[in-house]
Chemist: 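One structure, pasted below without further comment.
This one's a predicted model, so the numbers in the text were calculated from it and none came from an experiment. Naming convention: chains lettered A, B, ... in sequence-line order (proteins, then strands); numbering from 1 in each chain.
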2 protein chains.
Amino acid sequence: MYINVMTNGPNHTTRAELPQADPLDHFLCFSVYAAGLAFNRVYKPLLDRYAVTYPQYLAIVALSSKDGQKVSELGERLFLESNTLTPLIKRLETAGLVSRRRDPKDERVVRLSLTPTGRDLADEALQCVPGEILQATGMSSEDLSSLNQTMIALGSALREIE
Amino acid sequence: MYINVMTNGPNHTTRAELPQADPLDHFLCFSVYAAGLAFNRVYKPLLDRYAVTYPQYLAIVALSSKDGQKVSELGERLFLESNTLTPLIKRLETAGLVSRRRDPKDERVVRLSLTPTGRDLADEALQCVPGEILQATGMSSEDLSSLNQTMIALGSALREIE
DNA sequence: TGCGATTAAATCGCGAGCGATGTATATCAA
DNA sequence: TTGATATACATCGCTCGCGATTTAATCGCA
């Protein structure tokens, strides 16, 4: 009926008079926002055992595929910049999960690696956490996979604006 | 191929040896997270003209449908609680967009309404902002609508866990 | 009526996300 | 070689999200 990235919502001129559905229901940006909140809340108790936050966990997953990534490389994967990542990574370093060292070839660059503890956490969390959540969505593996592709494409499209 | 809410990612045992795709690509939670970041960044310059943030804007949209909502009612719509909403609403009050008054029938309750300025902002932003973003996604109105329904359902399913 | 339990918001402290700016290293051109 | 420019990361101040706690008002029930 109405668009959902953002729309005028149901009949603007009578908005004040008619009982109406929640206008937020027409906003894709809101359903994505709310699903993000919900994911965060589902993961939190699972990640509490490892004493990492959800964004920290995503960083660890991103770091698990390759040692010695730069801060800027990690940022490209996570779509974040050093103003967000530097403090986050320092917390992971303090927690003993990540090591940071300046690249001797270029002292401006910081190279990141998981410590053995960090790698163990990545492996364990990657193996243990997912099943419960997968089931909880009540969606088939195929549906989830195609939804994931759609969301990746949506993110790409939005990032290309301007 | 692999699950996408959260999965082991490509072949765990060879993770360290093989060049491999970004394991984050297999996480629906990450694609949702990244799309949320992207939406935020797309909206920011558009909302800057109105000097409101993205979450403030969502609150204004939620408030635009009905006057006199309680903080808790707004929270149910936005999936947020008073610890987040109270400061946000106070900023909107300071900006002259929202009015807060205690309910005389129950002094514990705070009733929220858009001021005329706030309503103008809601109307204007609701009418002006969407089109550009809709186009930018490169998706049809129907696809966006069904994606929205899917994301609403996903959020609901995640919220029902436990 | 009075008092403990419940409820609605507010407050506090922390991690995250980000615009703006700062600092140190590297590069390049004259 | 040197000075200007560019690059990589760090820092700062703000808003947001949230667990935990607090304050104030209301309710329930003896």
Chemist: Which part of the nucleic acid, if any, lies within reach of A:Thr53 when heavy atoms closer than 4.0 Å are counted: base, sugar-phosphate only, or nothing?
Modeler: sugar-phosphate
Chemist: Find the distance A:Phe39:CZ to D:dG17:P and express it as a whole number of Å.
Modeler: 18 Å
Chemist: Please tell me which of the listed nucleotides, D:dT7, C:dC18, D:dC9, lies nearest to the side chain of A:Leu80?
Modeler: C:dC18
Chemist: Which nucleotide in the list D:dA10, C:dG17, D:dG19 gets nearest to the side chain of A:Lys44?
Modeler: D:dG19
Chemist: Could you please name the option among D:dA25, D:dT11, C:dA26 that lies closest to any side-chain atom of A:Thr86?
Modeler: D:dT11
Chemist: Around atom CD of A:Glu81, are there more than 12 heavy atoms from other residues, nucleotides or ligands closer than 6.0 Å?
Modeler: no
Chemist: Is the phosphate of C:dA16, meaning OP1 or OP2, less than 4.0 Å from a side-chain N or O of A:Gln56?
Modeler: yes
Chemist: Among the nucleotides C:dA9, D:dT7, D:dA10, which one has an atom lying closest to any side-chain atom of A:Arg108?
Modeler: D:dT7
Chemist: Can you tell which of C:dA16, D:dA8, D:dA25 lies closest to the side chain of A:Arg91?
Modeler: C:dA16
Chemist: For A:Gln69 and D:dC9, give me the distance from atom CD to atom C1', rounded to whole Å.
Modeler: 16 Å
Chemist: On DNA chain C, compare the nucleotides closest to B:Ser82 and B:Leu37; which residue's is nearer the 5' end?
Modeler: B:Ser82
Chemist: Using 30° and 60° as the class limits, which term best fits the ring planes of A:Phe79 and B:Phe30: parallel, tilted or perpendicular?
Modeler: parallel
Chemist: Run the salt-bridge test on A:Lys105 and A:Asp103 with the 4.0 Å N-O cut-off and return the result as yes or no.
Modeler: no
Chemist: Rounded off to whole Å, could you give me the CZ-to-P distance for the A:Arg41 and D:dG17 pair?
Modeler: 9 Å
Chemist: Quick one: is B:Lys90 getting a side-chain N or O under 4.0 Å of the C:dT11 phosphate, OP1 or OP2?
Modeler: yes
Chemist: Write down the distance between CZ (A:Arg102) and C1' (D:dT7), rounded to a whole number of angstrom.
Modeler: 12 Å
Chemist: Base, sugar-phosphate or nothing for A:Arg100? Non-hydrogen atoms, less than 4.0 Å.
Modeler: sugar-phosphate
Chemist: Nearest nucleotide by nearest heavy atom, which residue falls closer to the 5' end of DNA chain C, A:Pro87 or A:Asp103?
Modeler: A:Pro87
Chemist: Output the rounded distance in Å from CG (B:Asn83) to P (C:dC12).
Modeler: 13 Å
Chemist: Measure the acute angle between the ring planes of B:Tyr54 and A:Tyr33, then classify it against the limits of 30° and 60° as parallel, tilted or perpendicular.
Modeler: perpendicular
Chemist: At less than 4.0 Å, is any side-chain N or O atom of B:Ser72 found next to OP1 or OP2 of C:dT7? Yes or no.
Modeler: no
Chemist: Tell me which one of A:Val61, A:Thr84, A:Leu85 satisfies side chain to side chain contact (heavy atoms under 4.5 Å, CB included) with A:Leu78.
Modeler: A:Leu85
Chemist: I need the B:Lys70 NZ to B:Asp106 CG distance, nearest 0.5 Å.
Modeler: 7.5 Å
Chemist: In whole angstrom, what separates A:Leu88's CG from D:dA10's P?
Modeler: 12 Å
Chemist: Measure from the side chain of B:Asp106, starting at C-beta and using heavy atoms only, and say which of C:dT11, D:dT26, C:dA26 lies closest.
Modeler: D:dT26
Chemist: Starting at the 5' end of DNA chain D and moving along, which residue's nearest nucleotide shows up first, A:Lys70 or A:Tyr33?
Modeler: A:Lys70
Chemist: If I take atom CG in residue B:Leu47 and atom C1' in nucleotide C:dG19, what distance separates them, rounded to the nearest angstrom?
Modeler: 16 Å
Chemist: Using whole Å, what does the distance between atom P of nucleotide C:dA9 and atom CD1 of B:Ile89 come to?
Modeler: 9 Å
